Structure formats: structure tokens, C-alpha cells
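A short worksheet on the structure shown next.
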Amino acid sequence: MQAIRPIRLGVNVDHVATVRNARGGALPDPVRAALLVQQAGADGITAHLREDRRHIRDLDMERLKAEISIPLNFEMAATDEMIAIARRIRPHACCLVPEKREERTTEGGLDAAGQGAELGPRIALLKEVGIRVSLFVAADAAQIQAARDLGADIVELHTGAWCEARAEARAAEAQAEFARIAAAAREAHGLGLEVHAGHGLDYESAVLAAAIPGVVELNIGHFLVGEAIFVGLEAAVRRMREAMDRGRALAARGVADGAAA
Ligand code: PXP
């Protein structure tokens, strides 16, 4: 059996900025949220600077880099503009995602297999200045192999379809999606990639995702910002950590694979 490593929690603060931008002022401040999240025991902060700046803005990214002491994961589309900003800000890591202007959130995984010619040089530009590169991909063997071939350090497996199937009580689909994610994690780990997962996770799905062998980080945003309304951000982050630790304990007992729905 694989050795079970502790699992990291990356918290995405985009939706603190969504609330701020709804009124156009400075509050609530996503950097204050990031500092609170850090104090509550998160291992990293994620923020997505979208082309349309609908939530996080350039100055937020700069302040996050300057003010937090845990790793900053800069989520972005692989455009020339974003590559230039990331090379200037120098986050710990960049997670490259597909981005469509009209989508509400990142809908699918990056087509690493089909867009290698465009992605390869951009990945190299990030790595050149010491930024770790993660590709947000579907749980698909071809995408994972392509990520490895393109020189990515990390793959983040898209858990959105699994979480949606769970939320809508489509049990068979949820089971199948979970099996795909677990197989992809195995595959990626076997190729020497660091394996992260995220999108749509809540306390219950995080227990299960944390139990997948090979997964070393979960990135979670929308649910935690929503929970913060009811219990406060610190409490939500602490509870999420506990959920993930419970999942890790399950993994240590080797019971992850059957626990999907
Ligand atoms: N990981 C990636 C690559 C994402 O695009 C997102 C959404 O911004 C997340 C994780 C977090 O997803 P959620 O907000 O649904 O927890």
C-alpha cells in the first residue's frame, strides 16, 4: 500500500472578492480573509485572476503575495497577459485553467492533450522564474500524460462532475466519477506528478476526496465562503481541516475506494 502523506488545504478566496465587488467598495477584503484562513490552519491560499477581473483584481494578487506567509497559488488562464503578471508577482505556484468569459465558474478541465503547442512554452516561462506549475485537468489518462509531457509539476483533478452528481443524488454516476478520479490520481502519482483535487467540495465530499491515495492537496473556495456566513470563516476552515483529516485516517485504513456516494 502507498504511504499516506498528510493532506494540505488550499483555500480559494475569490468569492470574498465577489461579495466586495457586488458593492464596488473595498469590503470585505479578500486579503483579510486570507490572513484569517492562514491563522485557522490552511496550508495555502488560491486566487483566480480572471481576464474580466470579476472577483480578484491585480492589486489583490499583489497584496496576497506580499502579506500572506503560506504559499500562494495563482489560478489563471494560460494567456500572455496572465503569464506576464505571474512572472512579475512570483507566486509559489500557478494553476492553469481553461477560462470562458460567459461561464459562472471554471467548467471543464484544461485540454493539455490538445493544446500542448500553446501551453508548453507558457509553462516553460513560469518554470523559468521558479514558479511551480499545476494544470487543472479532468480525470483522464490522456490529459495526465500530456501534463507530464508538458513539464507540469502538478495536476489538479477536477472534482466538479463528481460533486454535482453527489449533490443531485445520482449515486451510480457519483460512484463512477469517484472511481475515475481515484484512478487518475493513481496514474498521475505513478508518473511522478503531485496530485491535487478541487471544485465543488464540501465537508462530506472533502472527507472522501482526502481519502484518495496519492492526493496531497484539496483546493476549496465557494463552500467555505458560504459556510463563513453561518459559522465564521475560521470555524469553517477548522471544520474542513477536521473533515480532511478524517478522510486521511480512512485512507490509512485503506477504505477509500468503496466510499464514493
Ligand atoms: N480548483 C480550481 C482549479 C478552481 O478553478 C476552483 C474554482 O475557482 C476551485 C479549485 C475551487 O472550487 P470551489 O470554489 O467550487 O470550491
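Please read these numbers as outputs of a predicted model, since none were measured by experiment.
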*Of all residues at least two apart in sequence or in a different chain, which pass the side chain to side chain contact (heavy atoms under 4.5 Å, CB included) check with Ala188?*
Ile144, Val155, Leu193, Val195
_With a 4.5 Å cut-off on side-chain heavy atoms, are Met76 and Ile83 touching?_
yes
*Any donor-acceptor N/O pair, Arg148 side chain to Gln145 backbone, under 3.5 Å*: no
*asked:* Given 3.5 Å as the limit, does a donor-acceptor pair link the side chain of Arg186 with the main chain of Pro213, or not?
replied: no
*Under a 4.5 Å cut-off applied to non-hydrogen side-chain atoms, are Met61 and Leu49 in contact?*
yes
*Between Lys65 and Arg90, which heavy-atom pair has the shortest distance, and what is it?*
NZ-O, 3.0 Å
*asked:* Using a 3.5 Å distance criterion without hydrogens, assess whether the side chain of Thr159 forms a donor-acceptor pair with backbone atoms of Trp162.
replied: no
*Check whether any side-chain N or O of Lys127 sits under 3.5 Å from a backbone N or O of Gly151 as a donor-acceptor pair, and report yes or no.*
yes
*Co-members of the apolar cluster containing Phe136 [side chain, <4.5 Å]*: Val97
*Does the side chain of Glu51 come within less than 4.5 Å of Thr79's, by heavy atoms?*
no
*With rounding to the nearest 0.5 Å, note down the distance linking CG in Leu208 to CG in Asp202.*
9.5 Å
*Please examine the side chains of Arg170 and Glu164, heavy atoms only from C-beta on, and report whether any two atoms are closer than 4.5 Å.*
yes
*Name all pairs fulfilling the ring-ring contact (aromatic ring centres under 6.0 Å, His included) condition that reach into residues 60-89, sequence neighbours left out, sorted by first residue then second.*
none
_Contact check, side chains of Val11 and Thr46, non-hydrogen atoms, under 4.5 Å_ = no
*Run the numbers on Glu194 and His196 for side chain to side chain donor-acceptor pair (under 3.5 Å), then give the verdict.*
CA-CA 7 Å; Glu194 186 171 309; His196 300 178; 2.7 Å; yes
_Contact summary for Ala197 and Leu201, nearest pair of heavy atoms_ = O-CD1, 4.3 Å
*Would the number of heavy atoms belonging to other residues, nucleotides or ligands and lying under 6.0 Å from CZ of Arg87 be above 12?*
yes
*Identify the heavy atoms of Leu157 and Ala138 that sit nearest to each other, and give their distance.*
CD2-O, 4.4 Å
*asked:* Measuring from atom CG of Leu150 to atom CD of Glu118, what distance do you get when rounded to the nearest 0.5 angstrom?
replied: 10.5 Å
_Where Val16 and Pro28 come nearest, the two heavy atoms and their spacing_ = O-CG, 3.6 Å
*Do the side chain of Asp153 and the main chain of Arg132 share a donor and acceptor less than 3.5 angstrom apart?*
no
*So do the side chains of Asp111 and Pro98 get within less than 4.5 Å of each other, counting heavy atoms only?*
no
*Could you list the residues that satisfy side chain to side chain contact (heavy atoms under 4.5 Å, CB included) with Ser134, not counting sequence neighbours?*
Cys95, Ile154, Glu156
*Take Asp58 and Ile89 through the side-chain contact (heavy atoms from CB on, under 4.5 Å) test and state the conclusion after the steps.*
CA-CA 10 Å; Asp58 301 55; Ile89 292 179; over 6 Å; no
_Looking at Asn21 and Thr18, would you say the former's side chain and the latter's main chain have a donor-acceptor pair under 3.5 Å?_
no
*Under-4.0 Å salt bridge between Arg166 and Glu177*: no
_Can you list everything that forms a side-chain hydrogen bond (donor to acceptor under 3.5 Å, both in side chains) with Arg63? Sequence neighbours excluded, please._
Asp29, Glu67
*Of all the heavy-atom pairs spanning Ala251 and Ala211, show the shortest one and how long it is.*
CB-O, 3.3 Å
*Charged N-O contact under 4.0 Å between Arg50 and Asp52*: no
_Restricting to side chain to side chain contact (heavy atoms under 4.5 Å, CB included), what partner residues turn up for Arg88, sequence neighbours left out?_
Glu62, Ile85
_Gln143 side, atom CD; His158 side, atom NE2 - distance, nearest 0.5 Å_ = 12.0 Å
*Which pairs, with at least one residue in residues 208-221 and sequence neighbours excluded, count as a salt bridge (charged side-chain N to carboxylate O under 4.0 Å, His left out)?*
Arg8-Glu217
*asked:* With a 3.5 Å distance limit and no angle check, can you tell me whether Asp14 reaches the backbone of His48 through a side-chain donor-acceptor pair?
replied: yes
*asked:* As a quick check of understanding, evaluate side-chain contact (heavy atoms from CB on, under 4.5 Å) for Leu224 and Met240, giving each step before the final call.
replied: CA-CA 8 Å; Leu224 287 173; Met240 185 57 80; 3.9 Å; yes
*Answer yes if Val237 and Tyr203 sit in the same cluster of Ile, Leu, Val, Met, Phe, Trp and Tyr residues linked by side chain heavy atoms under 4.5 Å apart, and no otherwise.*
yes
*Give the cluster check for Val19 versus Phe223: same hydrophobic cluster or not, with ILVMFWY residues linked at side-chain heavy-atom distances below 4.5 Å.*
no
*asked:* So, using side-chain hydrogen bond (donor to acceptor under 3.5 Å, both in side chains) as the criterion, who are the partners of Asp140 when residues are at least two apart?
replied: none
*Sequence-distant partners of Glu81, side-chain hydrogen bond (donor to acceptor under 3.5 Å, both in side chains), two or more places apart*: Arg53
*Taking all non-hydrogen atoms of both residues, which atom of Ala34 and which atom of Ile68 are closest, and how far apart?*
CB-CG2, 3.8 Å
*If you measure from CE on Met244 to CD1 on Ile7, what distance do you get to the nearest 0.5 Å?*
4.5 Å
*Taking the side chain as C-beta and beyond, is there a heavy-atom pair between Leu135 and Ile123 under 4.5 Å?*
yes
_Test side chain to side chain donor-acceptor pair (under 3.5 Å) on Ser69 and Gln38; report intermediate values, then the result._
CA-CA 8 Å; Ser69 53; Gln38 173 177 294; 3.1 Å; yes
*Which residues satisfy the side-chain hydrogen bond (donor to acceptor under 3.5 Å, both in side chains) test with Arg238, sequence neighbours excluded?*
Glu234
*I would like to know whether Glu75 and Asn12 meet side-chain contact (heavy atoms from CB on, under 4.5 Å); could you show each step before the answer?*
CA-CA 9 Å; Glu75 199 183 311; Asn12 180 316; 3.6 Å; yes
*Under-4.0 Å salt bridge between Arg239 and Glu242*: no
*asked:* Taking side chain to side chain contact (heavy atoms under 4.5 Å, CB included) as the definition, give me every residue that meets it alongside Ile131, ordered by chain and number, with sequence neighbours left out.
replied: Ala86, Pro91, Cys94, Leu126, Val129
_Contact check, side chains of Asp43 and Ile70, non-hydrogen atoms, under 4.5 Å_ = no
*Sequence-distant partners of His92, ring-ring contact (aromatic ring centres under 6.0 Å, His included), two or more places apart*: none
*Gap separating the CG atom of Leu110 from the CD atom of Glu99, nearest 0.5 angstrom*: 11.0 Å
_Using the side chain to side chain contact (heavy atoms under 4.5 Å, CB included) definition, which of the options Leu35, Leu59, Ile45, Asn73 pairs with Leu64?_
Ile45
*If you measure from OG on Ser205 to CD1 on Ile220, what distance do you get to the nearest 0.5 Å?*
7.0 Å
*Ionic contact status for Asp80 with Arg122, cut-off 4.0 Å*: yes
